[in-house]
Amino acid sequence: MDRHLDLTPEQSTKVRAALDQGFAWHRSQRLSQDLGLMARFEREVQGDVTSAQVCAWVPIAQSWGDTVLAQLGPAIASIAPTLQAQQLSHLEERMTRGNDDWVHDHLQAEPAERVQGQLDRLVSNLETLYGRVEKRQKEALRVALARSVWDPDQALVERKAHQQDTLSVLRQLSQGRTTLTPEASQALVRAWLMRQTNPGDEAERRRRSAFVAERCQLVADFHRTTTSEQRRHAGETLAGWQDDLRSFVISAGR
């Protein structure tokens, strides 16, 4: 966050306090539930799964994200009014550079290059969980990605629109520091956070839904091809993540 906004020492202190409060909330309210979900995931990856089973995790993940953002909302509404114009300009410049990198990675001139880029990123993610992905599996993934409904050109348009929405909200909060009530500031932030996960544009929601359904099928199809060694690796990885989560949350509370 500091890299994107060039925070002042006072702002950094507020951000750290908000994060500490978030960790404390997670320890008391979410830790046992999250560990239970990870244990369930660990069990499920040992057998075959359907696309419906994969998609059943989507609302769980979205609910988790919405809950975390709701906890951070008041802190955002408190810190955002302290941002200065030059900090928001710095954020906009960072977004522009990030978009240039995104274009380089996703909008290559040749369709085959775009598919290869998607494949490389997907395989990297899968190998985090399953270990080495075999050549036969990569080729099956390549075929699926080549006929994907995902449109990187449209994705860039939506990415930039969400960035402009973010900048607009932060500017409203910054410029209204002396006129907006805390309640009004929090309402602005809540509405903005909701738009990040549930866009107001119906066409965008349909595109997201189609992409999620497609990706659920892709993951289920891939999982059916996994070897016993890959499933064992996935189980051990998830067990390790559970241990890491316990240690991380405990150490954050010290």
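Formation of a donor-acceptor pair under 3.5 Å by the H106 side chain with backbone atoms of R114 is not found in this model. The main-chain N or O of D120 is never found under 3.5 Å from a side-chain atom of S124 such that the two would form a donor-acceptor pair. Of the possible donor and acceptor atoms, none in the side chain of R195 sits under 3.5 Å from a partner among the backbone N and O of H162. When atom types are taken as modelled, the side chain of S63 and the backbone of P59 share no donor-acceptor pair closer than 3.5 angstrom. Remark: side-chain polar atoms of S78 are not paired, donor with acceptor, to backbone N or O of P74 under 3.5 angstrom. In this structure a side-chain-to-backbone donor-acceptor pair under 3.5 Å is present from S247 to D243. The backbone N or O of V133 sits less than 3.5 Å from a side-chain atom of E127, completing a donor-acceptor pair. With T13 contributing its side chain and P9 its backbone, the two residues share a donor-acceptor pair below 3.5 Å. Although no hydrogens or angles enter the test, the distance criterion places a donor-acceptor pair under 3.5 Å between the side chain of Q196 and the main chain of W192.
Checked for salt-bridge contact, D6 and R94 miss the test: no charged N lies under 4.0 Å from a carboxylate O. Taking a cutoff of 4.0 Å between a charged side-chain nitrogen and a carboxylate oxygen, D48 and R231 qualify as a salt bridge. A salt bridge links R205 to E202: one of the charged nitrogens lies within less than 4.0 Å of a carboxylate oxygen. The pair K135-E139 does not meet the salt-bridge criterion, since no charged nitrogen lies less than 4.0 angstrom from a carboxylate oxygen. Using a 4.0 Å cut-off between a side-chain N of Lys or Arg and a carboxylate O of Asp or Glu, R208 and E158 do not qualify as a salt bridge. Salt-bridge formation is detected for the pair D221/R224: a Lys NZ or Arg NE/NH1/NH2 atom is positioned less than 4.0 Å from an Asp or Glu carboxylate oxygen.
Of all non-hydrogen atoms in L167 and L91, the two that sit nearest each other are CD2-CD2, 3.9 Å. Across all their heavy atoms, A234 and Y130 have their closest contact at CB-CD2, 4.0 Å. For the residue pair I79 and T82, the shortest heavy atom distance occurs at O-OG1, 2.6 Å. Contact record, Q62 with T197: NE2-O, 3.7 Å, taken as the closest heavy-atom pair. For L107 against P152, the heavy-atom pair with the smallest separation is CD2-CB, 3.6 Å. Taking both residues in full, the closest heavy atoms of T225 and R136 are given as O-NH2, 2.9 Å, listed atom of the first, atom of the second, then distance.
Note that OG of S12 is 10.0 Å distant from CD of E10, once rounded to the nearest 0.5 Å. Note that CZ of R246 and OG of S32 are 11.0 Å apart. Values are rounded to the nearest 0.5 Å. Here R30 contributes atom CZ and L37 contributes atom CG; the two are 7.0 Å apart, rounded to the nearest 0.5 Å. Taking CD of Q242 as the reference point, atom OG1 of T237 lies at 11.0 Å (rounded to 0.5 Å). Taking CZ of R190 as the reference point, atom CD of E183 lies at 9.0 Å (rounded to 0.5 Å). The line from CD of Q172 to OG1 of T179 is 10.5 Å long, rounded to the nearest 0.5 Å.
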Please walk me through it: do Q116 and R142 pass side chain to side chain contact (heavy atoms under 4.5 Å, CB included)? CA-CA 7 Å; Q116 184 62 50; R142 185 192 304 278; 2.6 Å; yes
Apply side chain to side chain contact (heavy atoms under 4.5 Å, CB included) to V54 and H223, showing your working. CA-CA 10 Å; V54 176; H223 186 74; over 6 Å; no
Residue pair L170, Q87: steps toward the side chain to side chain contact (heavy atoms under 4.5 Å, CB included) verdict: CA-CA 10 Å; L170 292 178; Q87 290 178 301; over 6 Å; no
Residues E92, R171; criterion side chain to side chain contact (heavy atoms under 4.5 Å, CB included); working and verdict: CA-CA 11 Å; E92 189 167 18; R171 286 186 176 121; 2.9 Å; yes
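Looking only at side-chain heavy atoms (C-beta outward), K14 and Q11 stay at 4.5 Å or farther from each other. T226 is not listed as a side-chain neighbour of V45, based on a closest heavy-atom distance of 4.5 Å or more. The shortest distance between side-chain heavy atoms of L245 and W241 does not fall below 4.5 Å. Counting heavy atoms from C-beta on, the side chains of V49 and V219 never come closer than 4.5 Å.
Hydrophobic clustering (ILVMFWY, side-chain heavy atoms < 4.5 Å, transitive): W25 and L31 are in distinct clusters. Linking Ile, Leu, Val, Met, Phe, Trp and Tyr residues whenever their side-chain heavy atoms come within less than 4.5 Å leaves L83 and L173 in two separate clusters. Neither V157 nor V103 shares a network with the other; the hydrophobic side chains, linked directly or stepwise wherever heavy atoms of I, L, V, M, F, W or Y lie under 4.5 Å apart, form separate groups for each. V189 and L180 fall within the same hydrophobic cluster, defined by Ile, Leu, Val, Met, Phe, Trp and Tyr side-chain heavy atoms under 4.5 Å apart, directly or through other members. V212 and I60 fall into different hydrophobic clusters, defined by Ile, Leu, Val, Met, Phe, Trp and Tyr side-chain heavy atoms under 4.5 Å apart, directly or through other members.
Heavy atoms of other residues, nucleotides or ligands lying less than 6.0 angstrom from CD of Q46 number more than 12.
A tilted orientation is assigned to the rings of F211 and W150, their planes being inclined by 30° to 60°.
A side-chain donor from one of W57 and E44 sits under 3.5 Å from a side-chain acceptor of the other. Inspection of the Q230 and R132 side chains reveals no N or O donor paired with an N or O acceptor under 3.5 Å.
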